[in-house]
Visitor: 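Structure incoming, see below.
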Amino acid sequence: MEITVDQAVEAIKKSSKITFLTGAGVSTPSGVPDYRSLQGVYHGIEAPEYLLSNECLINEPEKFYTFVKHLYHTKAQPNVIHRVMAEMEETKQVSVVSQNIDGLHTASGNQRLVNFHGSLYNCYCRNCGQIVAWNEYLTSDRHVTCGGQLRPDIVLYGEGFDEGVIQQAVQAVRQAELIVIVGTSFQVHPFCDLVYEKNNHAQVIVINKTPIYLASDYQFVQTDGTAVFQQLN
């Protein structure tokens, strides 16, 4: 069922237990492009799903590193969507489960946050396990101490998910009376399966430029997320 921006705003204002499920459309107003649309070195030559895979990391580390560096937008700042979600934590029981790896929810101050696919800003050495600063990683993908390969702590294609992260996300969905899906086509598993963990009485609102597929009913606002969150600001 399609609803208006005003109706979505009213529903969010009335709810005291909200879980936001966010995707790339939340960060595009901050100047962070969807990685599939990047005009990077390998754009149009190889699928980004390969370039962001464990296979590429292991077999073609230079190609992986060159591509991943294009995902860092270090000057990007949280926009009104990130900020409002963080501010809501002060008056409501709010959780955010995000597909995004850009660190903007963290930068906005969200405390009850699940970075479902990890974060580019958490990096470590595959050889010795030592945590390294992200800006060190952008200088070289080799550890100055042991020479091991550095990588960001994100879930690559071909890698499994941490069970603890999945359980945190499931719990966030189960405790909500309102699920708000924002800025995502909702096609990537297992993230898109989280909504089916909701309790039977929870309402689902989708704020997106295009409709998404869900096996259950939802209310749909066809707009950019900023149109809704500016009214909640």
Side-chain angles (χ1 to χ4, degrees), residues 21-28 30-78 82 96-108 110 113-169 183-185 187-194:
L21 303 179
T22 70
V26 164
S27 293
T28 49
S30 294
V32 179
D34 184 320
Y35 74 86
R36 288 185 176 85
S37 62
L38 276 178
Q39 301 297 316
V41 177
Y42 303 107
H43 181 74
I45 300 174
E46 291 182 270
E49 285 79 5
Y50 170 70
L51 296 167
L52 270 182
S53 70
N54 180 260
E55 181 183 359
C56 186
L57 172 75
I58 302 301
N59 297 329
E60 298 187 86
E62 291 182 6
K63 185 175 288 187
F64 174 87
Y65 182 53
T66 300
F67 182 73
V68 167
K69 283 195 293 184
H70 284 274
L71 302 182
Y72 284 85
H73 298 273
T74 58
K75 294 183 179 179
Q77 296 295 317
H82 301 104
V96 177
V97 184
S98 184
Q99 295 180 91
N100 299 336
I101 57 177
D102 52 44
L104 290 178
H105 281 300
T106 300
S108 72
N110 273 116
L113 169 66
V114 181
N115 284 316
F116 199 71
H117 291 149
S119 172
L120 288 167
Y121 295 91
N122 298 328
C123 301
Y124 66 94
C125 176
R126 292 185 59 237
N127 182 52
C128 68
Q130 184 178 338
I131 295 171
V132 299
W134 61 267
N135 47 359
E136 181 180 331
Y137 176 63
L138 289 181
T139 302
S140 171
D141 71 339
R142 291 294 161 180
H143 196 189
V144 294
T145 303
C146 74
Q149 184 186 19
L150 305 179
R151 61 163 289 178
D153 192 6
I154 58 176
V155 181
L156 303 176
Y157 288 94
E159 291 184 326
F161 281 77
D162 182 281
E163 187 60 31
V165 171
I166 291 177
Q167 288 307 311
Q168 286 179 45
T184 171
S185 60
Q187 296 177 348
V188 176
H189 298 276
F191 183 81
C192 64
D193 304 312
L194 290 172

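Numbering of residues begins at 1 and proceeds along the displayed sequence.
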Visitor: What heavy-atom pair brings L104 and Q77 nearest, and what distance separates the two atoms?
Guide: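 Scanning both residues completely, I find the closest heavy atoms to be CD2-C, 3.8 Å.
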Visitor: What is the distance from atom CD of Q99 to atom CG of N115, rounded to the nearest 0.5 Å?
Guide: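 So the gap between those two atoms works out to 11.5 Å.
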Visitor: Start with the C-alpha gap between Y124 and Q130, add the side-chain angles, then the distance that decides, and say whether side chain to side chain contact (heavy atoms under 4.5 Å, CB included) holds.
Guide: CA-CA 5 Å; Y124 66 94; Q130 184 178 338; over 6 Å; no
Visitor: Show the nearest heavy-atom pair for residues S140 and L150, with the distance to one decimal.
Guide: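 Closest heavy-atom pair between S140 and L150: O-CD1, 3.5 Å.
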Visitor: When rounded to the nearest 0.5 angstrom, what distance separates CG in D141 from CZ in F64?
Guide: 9.0 Å
Visitor: Taking salt bridge (Lys or Arg N to Asp or Glu O under 4.0 Å) as the definition, give me every residue that meets it alongside E136, ordered by chain and number, with sequence neighbours left out.
Guide: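 With sequence neighbours excluded, E136 shows a salt bridge (Lys or Arg N to Asp or Glu O under 4.0 Å) to no residue whatsoever.
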Visitor: Taking the side chain as everything from C-beta on, heavy atoms only, tell me whether L57 gets closer than 4.5 Å to R151.
Guide: yes
Visitor: Going by side chain to side chain donor-acceptor pair (under 3.5 Å), S27 matches just one of T22, D102, D34. Which one?
Guide: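 The passing option is D102.
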Visitor: If you look at every heavy atom in P152 and C123, which pair is closest and at what distance?
Guide: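 Closest pair (atom of P152, atom of C123, distance): CA-SG, 3.9 Å.
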Visitor: How many angstroms lie between atom CZ of F116 and atom CD1 of I166, to the nearest 0.5 angstrom?
Guide: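 Here the rounded value is 5.0 Å.
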Visitor: Using side-chain heavy atoms (C-beta onward) and a distance below 4.5 Å, is V68 in contact with L120?
Guide: yes
Visitor: Decide yes or no on side chain to side chain contact (heavy atoms under 4.5 Å, CB included) for I131 and N122, but give the supporting numbers first.
Guide: CA-CA 8 Å; I131 295 171; N122 298 328; over 6 Å; no
Visitor: What are the two closest non-hydrogen atoms of E46 and L51, and how far apart are they?
Guide: O-CD1, 4.0 Å
Visitor: I58: which residues meet the side chain to side chain contact (heavy atoms under 4.5 Å, CB included) condition with it, sequence neighbours left out?
Guide: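 For I58, the residues satisfying side chain to side chain contact (heavy atoms under 4.5 Å, CB included) (neighbours in sequence not counted) are N54, R126.
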Visitor: To the nearest 0.5 angstrom, please state how far the SG atom of C56 sits from the OH atom of Y157.
Guide: 13.0 Å
Visitor: Would you say the side chain of T74 lies within less than 4.5 Å of the side chain of L138, judging by non-hydrogen atoms?
Guide: yes
Visitor: Which value, rounded to the nearest 0.5 Å, describes the distance between S30 atom OG and N100 atom CG?
Guide: 10.0 Å
Visitor: With rounding to the nearest 0.5 Å, note down the distance linking CZ in F161 to CZ in F191.
Guide: 10.0 Å
Visitor: Heavy atoms only: give me the nearest V97-A169 pair and the separation to one decimal.
Guide: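 Shortest heavy-atom separation between V97 and A169 comes out as CG1-CB, 3.8 Å.
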Visitor: Evaluate the side-chain proximity of E60 to Y50: yes if any heavy-atom separation is below 4.5 Å, no if none is.
Guide: yes
Visitor: Y137 and Y65: which non-hydrogen atoms are nearest, and at how many Å?
Guide: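 Looking at all heavy atoms of both residues, the closest pair is O-OH, 2.6 Å.
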